[in-house]
Number of protein chains: 2
Amino acid sequence: MLKYQRIAEELRSAIEAGEYGPGDRLPGENDLMALHGVARMTVRQALSVLRSEGIVEARKGAGVFVRAFRPLRRRGIQRLASERWAAGRSVWSADVDDRRELVVDGVQVAREPVPERIAAVLGVEPGAPVWVRRRRYLLDGKPVMSAASHFPADLVADTPVVSPDPGPGGVYARLAEAGHAPVRFREEIRTRMPSAGETDELRLPSGTPVILITRTAFTADSTVAEVNDMVLDAASYILEYEFDA
Amino acid sequence: MLKYQRIAEELRSAIEAGEYGPGDRLPGENDLMALHGVARMTVRQALSVLRSEGIVEARKGAGVFVRAFRPLRRRGIQRLASERWAAGRSVWSADVDDRRELVVDGVQVAREPVPERIAAVLGVEPGAPVWVRRRRYLLDGKPVMSAASHFPADLVADTPVVSPDPGPGGVYARLAEAGHAPVRFREEIRTRMPSAGETDELRLPSGTPVILITRTAFTADSTVAEVNDMVLDAASYILEYEFDA
DNA sequence: TAGTGGTCTAGACCACGTC
DNA sequence: ACGTGGTCTAGACCACTAC
């Protein structure tokens with residue numbers, strides 16, 4: 001067993017045994033060097049193992065801390081039921097219980113040329129104009145997701161879909177009123193390590209992956225009304241899909 | 001901009017520009033040291049950024065290589081349709097096209113005490129006996145998933161469900177014949193960095209996350225017939241769920 | 001201001017792959 | 001045999017946090 005793995009293993013079992021609880025500070029790099037009689041790079045490598053497992057989180061100038069893990073349960077199918085938004089409730093309100101606070105942040109709506117990746121799904125020409133609604137979701141003050149919804153420009157022009165606050169039931173209720181009610185959704189899920197920009201926007205501690213969800217909303221005549229590109233902090237979410245055999 | 005970020009950025013854009021294609025070898029650590037006039041630890045940190053983004057993969061003694069990314073598309077709902085397994089087709093055969101080869105590996109069936117985490121979902125007492133079917137799936141020779149299905153012992157005793165090869169339609173077809181046809185499924189998705197054991201079993205290059213899927217199969221009387229714990233190589237999969245509003 | 005983690009240097013030995 | 005990446009040492013300066 002290599003030195004850095006031994007040190008990582010020792011800290012990991014101490015955490016699992018409850019010697020360090022969520023939010024507790026671990027021994028610092030200097031402590032660990034003295035304790036194990038190794039060079040600083042070696043303890044740093046040990047800590048980097050734990051960071052990359054998402055178990056601990058380093059805060060510059062402060063120390064290394066045990067991470068708390070209380071994910072949101074995102075019920076993929078129920079949350080998008082038409083009865084919900086027809087009744088004026090937002091999609092994301094289904095994800096939280098009453099004791100936690102989910103707020104939406106930095107809403108921006110803009111008319112832009114369609115990104116290449118989206119054009120194919122949306123079924124429009126590359127460079128065609130689309131309306132893009134960007135926003136970020138914070139749970140108890142911590143960013144957990146950022147999202148960018150893309151709508152074909154001719155579908156939503158002069159509708160409340162492109163207003164910063166679309167009102168009760170959100171954009172799906174407004175699309176329905178405009179005669180473009182979504183009747184079917186497809187969610188595509190990928191996961192990978194975040195880019196620098198994503199780390200920044202979601203304030204991710206290094207070592208947590210992100211989940212990428214691309215949701216496509218289809219109307220009754222099978223046209224695409226929305227392509228929503230989401231980036232989720234993987235540690236903050238459990239995704240759930242329930243369906244018949 | 002920090003040195004290691006500059007070097008990482010330069011390599012990343014070279015890869016995106018196609019100067020290095022999938023499988024190509026990047027300049028080695030010694031080359032990069034000479035090229036940028038920095039210490040070895042600095043180029044290593046640059047490369048570790050790219051590794052943690054899953055863009056490149058280091059092979060000891062050989063070099064650093066651009067990773068190929070050709071994920072499987074796993075259609076979560078269609079693949080579990082009862083018509084499929086009733087017609088004698090396996091669930092996983094829905095995931096691959098004809099040009100790629102998916103093989104099942106290391107099938108083990110054993111009667112064991114139920115793990116604590118599973119007991120709660122399965123609705124049995126802690127320590128009660130369950131039948132566990134473990135196996136691994138390889139795509140074109142590379143492990144992409146390992147899975148462990150848990151069945152309540154009294155439900156499957158003396159049925160082909162516990163035989164190494166359950167036959168056409170797989171265990172769901174056999175459960176159906178035994179009067180325990182699954183009628184509803186729930187899939188729970190988490191994602192995190194792999195443990196050492198998972199890295200080993202799936203032969204993961206460092207820097208790729210794993211996707212954990214826990215599937216629960218319910219019968220018509222709402223009892224749980226199976227809890228399937230899966231570990232997927234995140235880089236090998238795109239998950240897809242399609243459903244009505 | 002003292003201590004923390006983040007970055008960086010300049011060496012070293014090793015196991016492993018390729019040739 | 002040689003070059004590769006993996007591990008490790010022993011220093012250094014910096015920006016940031018907490019007090």
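All chains are named by letter (A, B, ...) in the order of the sequence lines, taking the proteins before the strands, and each is independently numbered beginning at 1. All heavy atoms count here, side chains included; hydrogens, waters and symmetry mates do not.
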>> Using every non-hydrogen atom in the two residues, find where Ile211(A) and Thr191(A) come nearest and quote the distance to one decimal.
In response: CA-CB, 4.3 Å
>> Applying a 4.0 Å non-hydrogen cut-off, can you work out what Arg59(A) is touching in the nucleic acid: base, sugar-phosphate, or nothing?
In response: sugar-phosphate
>> Strictly distance-based, threshold 3.5 Å: is any side-chain N or O of Arg136(B) a donor or acceptor partner for the main-chain N or O of Val103(B)?
In response: no
>> Looking at Val43(B), is its backbone amide N or carbonyl O close enough to the side chain of Lys3(B) to form a donor-acceptor pair, meaning the two atoms are under 3.5 Å apart?
In response: no
> If you take all heavy atoms of Val56(B) and Leu47(B), which pair is closest and at what distance?
Replying inline: CG2-O, 4.3 Å
> Within 45 degrees of the axis of the six-membered ring of Tyr20(B) and under 6.0 Å from its centre: does Arg25(B) put its NZ or CZ there?
Replying inline: no
>> For chain B and DNA chain D, what are the first and last nucleotides along the strand, 5' to 3', with at least one atom under 4.0 angstrom from a heavy atom of the protein chain?
In response: dG3(D) to dC8(D)
>> Using whole Å, what does the distance between atom C1' of nucleotide dT4(C) and atom CD of Glu57(A) come to?
In response: 15 Å
>> If you assign Lys60(B) and Thr42(A) each to the DNA chain D nucleotide with the nearest heavy atom, which residue ends up on the more 5' nucleotide?
In response: Lys60(B)
>> Determine whether a donor-acceptor pair (N or O, by modelled atom type, separation under 3.5 Å) exists between the side chain of Thr42(A) and the backbone of Val38(A).
In response: no
> Looking only at atom types and distance, does a side-chain atom of Arg84(A) sit under 3.5 Å from a main-chain N or O of Ser90(A), one as donor and one as acceptor?
Replying inline: yes
>> Can you pull out the residues from residues 23-34 of chain B that lie within a 4.0 Å heavy-atom distance of DNA chain D?
In response: Arg25(B), Gly28(B), Glu29(B), Asn30(B)
> Given side chains that start at C-beta, do those of Trp131(B) and Val109(B) come closer than 4.5 Å, heavy atoms only?
Replying inline: yes
